[in-house]
Each structure stands twice: as C-alpha cells, then as structure tokens.
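Only one structure is covered here, and it is reproduced in the block below.
Order of listing sets the numbers, starting from 1, for every ligand and every atom in it. Computed from a predicted structure; not experimentally measured.
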Amino acid sequence: MKSPLVDTDQILAEAVAAVGKAADFHALEMVKSTYLGKKGKLTDILRGLAEAEESERPKIGQAVNLVKEKIINAIDVRFQILKTAEVEASLKLETIDVTLPPRGQALGSLHPITKIQRILVDFFVSMGFVVVEGPEVETEFYNFTALNVPLHHPARASSDTFYFDKNTLLRTQTSPVQIRAMQKMQPPLRIICPGKVFRRDSDATHSPMFHQLEMLIVDENVNFGNLKWIISKFIDHLFKEKVEYRFRPSYFPFTEPSAEVDIKWKVGGSWRWLELGGSGVVHPNVLKAVNIDPKRYRGLAFGFGIDRLAMSYYGIEDIRLLFDSDLQFLQQF
Ligand code: DAH
C-alpha cells in the first residue's frame, strides 16, 4: 500500500533486504525488533492511525498486518538457513575420526595387601602347605579357650575384643584356624591361613581390622630351629634378602617357647623396628585340646601381620592408609 501517510511496500522491501543480510541470529533478532518490535516501524504506523482519514484506517490496518506476516515469514526462512549453516559448521569442526584408537580403559590394580598375600601364599603352597580358612565371626572357645588363653587374660577383655555376645566375637587372631584345622586333619599337617582379624585399636601401626598369615606345622621330630628356618626363608623370599629382621623371646599362652619377630621399617627418614607377629612351638595343652598326642607330635606356628609386611615392603608409614580407599595412594603400588 502506498499513500502519502504510509508506504508499506517500501517497508516490506527494506525489511526483506535486511533479513536477507542478517549474518547471524543476533543480527536477525535486531532486524525483527526494528520492524516488528514495540518501537518498530510497523507499530509506529499503527500508532499513527488516529491521524489517518477514517475511511483509510481499515485499509492501512490490513496492509500493515499483511506486511507483518510477510516479514515474519522472511525471518523464519532466514532463521532456518542460519540454523542449517550453524549445524553444518559445527559438524565440520567436530568430525569424528573413526580410525583413531579408543581412549584406554582405566585399569584397576591389586591392593598392596593382596599382592603381599599372594606372594606369601604361593611361597608356602610351593613348599607343600595347604591353604585353609576359618570364620571371621568366632566363638570364645576357638579364639581363646582352645588356645590355652586363661580366663583372666587381658586379650579377652571387651576393651580389646569386639564381642557380639559372651561367646561370640570377631576373631582377634587367625590362630583359631589352627584348632579348626587340627580337628579336621590328622598330623602330619602343614597349613597356612591368611585372613582378616579384628581388635579395638587404631593408630599408625594398628587398625581395627588387619590381616594375618597363620602358619601351622604338626609333625614328629620338628623343632624350634625348623620354625626359625621357615620364617627366615619366607622373609628372605619376600624381601629378596634386602631387609633386616630379628627374633625376640616372648610369651604367648599357646606356644612354649615363643618368639616375636621384628622387621626394619622406614619412617620419617629413619629406620625402626616394627613388630611382625608371634611364633613358637605349640603348647602341649593346645595339642591336647584337639586330641593330638603331645608326646608324639610337636607343633610349630606363627601368626604375622600381612599389613605390617606391606608397610615395611613398600615403606608405608601409617597402616590406616591401606584402608582409606584413596585411589591416589593405592595407585602407587
Ligand atoms: N596370634 C598371635 C597374635 O595375634 C600371634 C601368634 C603368636 C600366632 C604365636 C602364632 C603363634 O601362631 O605361634 O598376637
């Protein structure tokens, strides 16, 4: 429509040209508001209708609406063109090279305790030992009484041991497996038992849950010298003879004589002794408790902390680090 007041054809031509030139969504948005917005050219015309002749008004109104529709159409078309161009550009940028090798899968690794345990178990199995396991929830009988631990012994106290009730507890040592094994197997026997044990204790060298490796030989004509030889052999095997350790006389209710073994452990730059565990010749009372004749047979046993071996082996300064599930720490091994 062309009149002295309004030239909608001119506006349409201008708008369509501007839409065609809009190079991106922002420019298109600007064109849209220039022509269709509240302060846009078409809105201006509608606002000026009052000044037009009354007979002209409907015609102007219709013409404006028609132009508006055409501009909207032109914007839609332009929008689609811009959109398609955008998608094509990003497809070009983000091309996938299907010939590239895939990103590697992050592999887990064995826990240091598992590693040490496997080396030890392999060693003893190669020497003819049988691996046996026992329950972690034990009875007071297997954990203490059958092992000749007197009723007043401090290890029995609830300040040291996790009890479920008077007779049921979390085993504080793997030694009860000795009793279970001797009840089932006839001598001569050679067993090892790796497993979790539990005590109310927590500091740099103690954790409420830790691991022990129990060893038991029952045979005729075996002696403390044989026990010492076996212990030396396995430590030398694990550490490739590069660690110092010592035997120290000690006392356990279930062995006589008894010895503790300490190993060198590096903490804060200096070497210290770290107690590995106990060993000894099985007390006659323990053999009697499982109907083995102590005059004919002798038992040799030890129970060592696998975690402590790992601490010395890898130079770990706090046992609790082993159980924090901190991947950064664990990935070092
Ligand atoms: N069970 C003892 C502890 O946890 C260690 C031990 C000492 C085990 C002497 C043995 C042994 O088999 O003969 O402290």
Open item on the list: A cation-pi test, strictly: NZ or CZ of Arg199 under 6.0 Å from the centre of the six-membered ring of Phe210 and no more than 45 degrees from its axis. Yes or no?
Closed with: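 Judged by the rule, Arg199 and Phe210 form no cation-pi pair.
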Open item on the list: Does Lys115 qualify as a cation-pi partner of Phe333, given the criterion of NZ or CZ under 6.0 Å from the six-membered ring centre and within 45 degrees of its axis?
Closed with: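 No - Lys115 does not lie over the ring of Phe333 by the 6.0 Å and 45° rule.
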Task: Proximity to ligand 1 by part of Phe252, non-hydrogen separation under 4.0 Å - done: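 Within the 4.0 Å criterion, Phe252 contacts ligand 1 through side-chain atoms alone.
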Open item on the list: Suppose clustering is done on Ile, Leu, Val, Met, Phe, Trp and Tyr with side-chain heavy atoms closer than 4.5 Å. Which residues sit in the same group as Val98?
Closed with: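 In the cluster with Val98 are Ile96.
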- [ ] Answer yes or no: is there a side-chain heavy-atom contact under 4.5 Å between Leu276 and Glu260?
- [x]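 They are not in contact (no side-chain heavy atoms under 4.5 Å apart), so the answer is no.
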- [ ] Measure the shortest side-chain to side-chain distance between Met311 and Ile319 over non-hydrogen atoms and say whether it is less than 4.5 angstrom.
- [x]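 Yes; the side chains approach each other to less than 4.5 Å.
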Atoms in ligand 1 flagged as close to [X], the criterion being non-hydrogen separation under 4.0 Å:
| X | value |
| --- | --- |
| Glu214 | 8 (C), 10 (C), 12 (O) |
| Gly303 | 5 (C), 6 (C), 8 (C), 10 (C), 12 (O) |
| Gly280 | 13 (O) |

TODO: Please work out which of Glu256, Arg199, Gln178 has its closest non-hydrogen atom nearest to atom 3 (C) of ligand 1.
DONE: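 The residue whose heavy atom sits nearest atom 3 (C) of ligand 1 is Arg199.
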Proximity flag [X] to ligand 1, non-hydrogen atoms under 4.0 Å:
| X | result |
| --- | --- |
| Ser279 | yes |
| Ser258 | no |
| Phe254 | yes |

Task: Polar proximity ligand 1 side, Ala301 side, N/O cut 3.5 Å exclusive - done: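 Between Ala301 and ligand 1, an N or O pair is found under 3.5 Å apart.
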Open item on the list: Does any N or O of ligand 1 fall below 3.5 Å from an N or O anywhere on Gln212, backbone included?
Closed with: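 Among all N and O atoms of Gln212, at least one is under 3.5 Å from an N or O of ligand 1.
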TODO: State whether the number of non-hydrogen atoms from other residues, nucleotides or ligands found under 6.0 Å of Met30 atom CE is greater than 12.
DONE: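 Open.
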Task: Top protein contact for atom 1 (N) of ligand 1, by heavy-atom distance - done: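 Nearest neighbour among protein heavy atoms for atom 1 (N) of ligand 1, to 0.1 Å: Gln173 OE1, 2.7 Å.
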- [ ] Could you tell me the residue and atom name of the protein heavy atom closest to atom 13 (O) of ligand 1, and the distance to it rounded to 0.1 Å?
- [x]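 It is Thr255 CG2, 3.0 Å.
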TODO: Measure from the side-chain N and O atoms of Arg78 to the backbone N and O of Ala22, and report whether any donor-acceptor pair falls under 3.5 Å.
DONE: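 Here the side-chain-to-backbone pair exists.
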Open item on the list: Tell me whether the rings of Phe234 and Phe304 are parallel (<30°), tilted (30 to 60°) or perpendicular (>60°).
Closed with: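 Because their plane-to-plane angle lies in the 30° to 60° range, the rings of Phe234 and Phe304 count as tilted.
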